[in-house]
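Quick caveat: nothing in here was measured; it's all calculated off a predicted structure. For reference, positions follow the sequence shown, starting with 1.
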Amino acid sequence: MRSFEGLLEVAQNITATYKINKEREELVGKVGSKIKEAAAFGKDRIHICGDLQERVIDMKLTTELSNEGFEMMVFADSIEISWTKK
């Protein structure tokens with residue numbers, strides 16, 4: 001019986017990891033889409049707020065964006081993501 005409990009735990013961990021990775025992928029897609037849309041209109045920054053802001057902070061996406069060359073300003077009610085126009 002213990003081996004089945006171990007297998008169940010492994011399966012739950014794999015499922016949880018998959019869910020987190022899927023959520024992260026969707027979040028990156030949403031933020032990336034907003035950046036692309038703003039850049040297409042000649043803008044060099046976006047502001048995100050509400051649920052999207054919370055998810056970016058929770059998933060630690062700010063660090064990843066900074067590593068990719070984006071500048072971040074975190075405010076109480078939003079996050080500003082800016083970049084250099086090319």
Side-chain angles (χ1 to χ4, degrees):
M1 192 65 165
R2 285 191 185 266
S3 63
F4 289 120
E5 290 172 3
L7 286 174
L8 179 60
E9 184 177 335
V10 169
Q12 288 172 334
N13 288 339
I14 290 171
T15 302
T17 301
Y18 173 79
K19 183 180 177 190
I20 290 169
N21 288 340
K22 188 71 174 167
E23 288 176 8
R24 186 175 190 81
E25 182 180 307
E26 290 172 3
L27 179 61
V28 168
K30 285 181 181 181
V31 173
S33 178
K34 289 186 174 293
I35 290 170
K36 286 178 187 176
E37 184 179 333
F41 287 103
K43 296 181 179 179
D44 65 349
R45 70 191 70 235
I46 62 168
H47 287 85
I48 57 174
C49 57
D51 182 54
L52 190 56
Q53 174 191 6
E54 290 175 24
R55 290 176 56 210
V56 165
I57 291 170
D58 289 346
M59 292 274 187
K60 297 180 176 68
L61 197 58
T62 52
T63 303
E64 209 169 300
L65 286 164
S66 292
N67 290 341
E68 292 294 324
F70 292 94
E71 293 184 17
M72 314 291 288
M73 294 287 291
V74 179
F75 303 103
D77 63 344
S78 67
I79 298 173
E80 178 185 275
I81 302 171
S82 61
W83 57 92
T84 304
K85 292 182 183 180
K86 291 184 180 183

**Study point:** Residue pairs fulfilling salt bridge (charged side-chain N to carboxylate O under 4.0 Å, His left out) with at least one residue in residues 28-38, sequence neighbours excluded
**Key:** none

Check your understanding: Out of curiosity, I20 CD1 to T15 OG1, how far, rounded to the nearest 0.5 Å?
Key -> 11.0 Å

Of the non-hydrogen atoms in [X] and [Y], which two are nearest, and what is the gap between them?
X   : Y   : result
A38 : W83 : CB-CH2, 3.9 Å
F70 : I81 : CD2-CG2, 3.8 Å
I79 : I57 : CD1-CG1, 3.8 Å
I48 : I46 : CG2-CD1, 4.0 Å

Review point. With sequence neighbours excluded, what pairs up with K22 under the side-chain contact (heavy atoms from CB on, under 4.5 Å) test?
Key: Y18, E25, E26

Check your understanding: Got a sec, which residues hit side-chain contact (heavy atoms from CB on, under 4.5 Å) with E23, two or more places apart in sequence or on another chain?
Key -> K19, M59

**Study point:** Whether over 12 other heavy atoms sit under 6.0 Å from M73 CE
**Key:** no

Check your understanding: Restricting to pairs with a member in residues 58-82, which pass side-chain hydrogen bond (donor to acceptor under 3.5 Å, both in side chains), not counting sequence neighbours?
Key -> R24-E64, R45-E80, H47-E80

Review point. Donor-acceptor pair, S33 side chain versus G29 backbone, under 3.5 Å?
Key: no

